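Below is one structure, written out as structure tokens, with a few remarks after it.
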Amino acid sequence: MELLKLTGKDIKPYIKELAKLRIKIFREYPYLYDGDAAYEEKYLHDYSMHESNVCILLIDNSQIVGASTGMWLKHSDKEFQSCFLDKNIPIDNIYYFGEFIVYKSYRGKGAGRMLLEHSEKHAISLGAKTTALCTIERKEKPLPDDSCHPYKPLWRKLGYQPNSNLIIYYKWKEIDEDKASSKPMKFWIKSWDTITL
């Protein structure tokens with residue numbers, strides 16, 4: 001396996017493949033996302049708009065088998081900024097990781113750790129004081145050991161903590177829904193200095 005780091009406009013040639021990867025992986029539990037290629041490509045295009053944005057690809061035998069993305073929180077969708085701004089938390093020094101996605105057959109082999117650690121290095125090189133992740137909260141099927149989400153144990157191990165004060169509601173269509181509905185998503189935070197959120 002190898003990693004390929006892309007920033008800004010260099011992400012553009014990989015958008016279609018990334019869209020397919022997101023649709024396939026996010027269709028799994030816990031997101032159950034009924035993906036749409038046109039929407040995905042538009043969403044991923046935003047990552048090519050700023051040179052500080054990053055996409056790290058995990059490649060095996062010339063195939064993309066995992067990816068992570070990141071951008072300054074101030075460049076992300078307003079929904080993701082809202083819970084910080086509502087609590088008067090400055091967002092200028094917060095770097096937001098949009099996704100960490102790896103095919104099942106590559107999980108548990110260090111792939112997720114590689115993606116997260118390289119993403120963190122990029123954020124720190126830009127001067128980030130805080131890095132943030134955001135994931136769905138499945139209240140209807142609570143599982144205390146985090147087994148409903150393949151990455152939570154890794155996030156905890158690498159120093160991320162869920163913050164119950166930082167919750168947003170984001171819309172998407174699940175595979176058993178007729179139309180999109182709002183789902184709760186909670187931020188996980190890691191501070192690289194003395195800032196407390």
Side-chain angles (χ1 to χ4, degrees), residues 11 14-47 53 55-58 60 63-71 73 76-84 96-116 119 131-158 160-189:
I11 297 171
Y14 296 88
I15 285 177
K16 285 187 180 296
E17 282 190 76
L18 282 168
K20 292 176 183 177
L21 184 71
R22 273 179 48 91
I23 289 172
K24 186 167 184 177
I25 292 179
F26 283 131
R27 191 175 180 84
E28 300 170 7
Y29 194 85
Y31 289 93
L32 305 176
Y33 171 52
D34 187 10
D36 173 81
Y39 171 84
E40 287 298 307
E41 290 178 25
K42 181 178 181 298
Y43 162 80
L44 289 164
H45 177 76
D46 289 347
Y47 282 95
N53 296 353
C55 176
I56 299 177
L57 304 179
L58 180 66
D60 190 26
Q63 299 295 315
I64 298 174
V65 297
S68 63
T69 60
M71 63 170 59
L73 184 60
S76 69
D77 289 350
K78 298 298 183 184
E79 290 93 335
F80 290 96
Q81 302 175 24
S82 61
C83 60
F84 293 84
Y96 166 63
F97 298 133
E99 49 256 313
F100 286 92
I101 48 178
V102 180
Y103 282 133
K104 280 184 177 180
S105 59
Y106 288 84
R107 295 174 197 165
K109 301 177 181 178
R113 177 186 284 270
M114 288 170 60
L115 287 170
L116 182 50
S119 298
T131 47
L133 304 155
C134 193
T135 189
I136 188 172
E137 290 292 295
R138 284 286 183 189
K139 297 298 185 183
E140 70 272 23
K141 295 181 181 178
L143 296 172
D145 62 356
D146 288 339
S147 60
C148 65
H149 195 293
Y151 307 114
K152 283 182 178 180
L154 173 64
W155 295 352
R156 288 187 190 277
K157 190 172 184 178
L158 294 183
Y160 287 83
Q161 294 296 324
N163 191 315
S164 296
N165 294 318
L166 297 173
I167 294 177
I168 64 166
Y169 288 83
Y170 201 73
K171 278 188 175 183
W172 69 84
K173 182 180 178 295
E174 290 187 0
I175 55 178
D176 59 351
E177 289 183 319
D178 294 326
K179 60 181 180 179
S181 64
S182 294
K183 285 87 174 172
M185 298 185 72
K186 181 185 291 184
F187 273 91
W188 289 56
I189 302 295

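Because the structure is predicted, anything quoted here is derived from the model rather than measured.
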Please name the pair of heavy atoms, one in Ile15 and one in His45, separated by the smallest distance, quoted to 0.1 Å.
CD1-CA, 3.6 Å

Could you check Ile136 against Tyr170 for side chain to side chain contact (heavy atoms under 4.5 Å, CB included), going step by step and ending with a plain yes or no?
CA-CA 9 Å; Ile136 188 172; Tyr170 201 73; over 6 Å; no

In this structure, are over 12 heavy atoms from other groups packed under 6.0 Å from Asp176 atom CG?
yes

When you check the side-chain N and O atoms of Ser181 and Lys179, is any donor under 3.5 Å from an acceptor?
no

So how far is it from Ile56 CD1 to Phe100 CZ, rounded to the nearest 0.5 Å?
7.5 Å

Over all heavy atoms of both residues, which pair between Arg113 and Leu154 is shortest? Give the atoms and the distance, please.
N-CD2, 3.5 Å

Check the pair Ile168, Phe187 against side chain to side chain contact (heavy atoms under 4.5 Å, CB included), reporting the backbone distance first and the verdict last.
CA-CA 8 Å; Ile168 64 166; Phe187 273 91; 4.2 Å; yes

Under a 4.0 Å threshold between the charged nitrogen and the carboxylate oxygen, would Lys24 count as salt-bridged to Glu17?
no

Report the distance from atom CD1 of Ile23 to atom CG of Asp34, rounding to the nearest 0.5 Å.
9.0 Å

Hey, mind stepping through Lys152 and Thr135 against side chain to side chain contact (heavy atoms under 4.5 Å, CB included) and telling me if it holds?
CA-CA 9 Å; Lys152 283 182 178 180; Thr135 189; 3.8 Å; yes

Applying side chain to side chain contact (heavy atoms under 4.5 Å, CB included), run through Lys183 and Glu174 and close with a yes or a no.
CA-CA 10 Å; Lys183 285 87 174 172; Glu174 290 187 0; 3.2 Å; yes

Locate the shortest heavy-atom distance separating Tyr43 from Gly98; write the atom from each residue and the value.
OH-CA, 4.4 Å

Heavy atoms of Leu44 and Ala19 approach each other most closely as CD1-N, 3.4 Å

Work out which heavy atom in Val102 is nearest to a heavy atom in Leu115; give both atom names and the distance.
CG2-CD1, 3.7 Å

Has Asp77 got a side-chain atom pairing as donor or acceptor with Glu79's backbone, closer than 3.5 angstrom?
no

Does atom NZ of Lys20 have more than 12 heavy-atom neighbours from other groups under 6.0 Å away?
no

Rounded to the nearest 0.5 Å, the SG atom of Cys134 sits from the CD1 atom of Ile189 at a distance of 8.5 Å

Tyr47 and Thr69: side chain donor to acceptor below 3.5 Å:
yes

Where do Phe80 and Leu73 come nearest, in terms of heavy atoms and distance?
O-CD1, 3.9 Å

Cut-off 3.5 Å, side chains only: do Glu40 and Tyr33 have a donor facing an acceptor?
yes

Parallel, tilted or perpendicular: which fits the ring planes of Tyr31 and Phe26, with parallel below 30° and perpendicular above 60°?
perpendicular

Between Gln81 and Ser76, is there a donor-acceptor pair closer than 3.5 Å when you use the side chain of the first and the backbone of the second?
yes

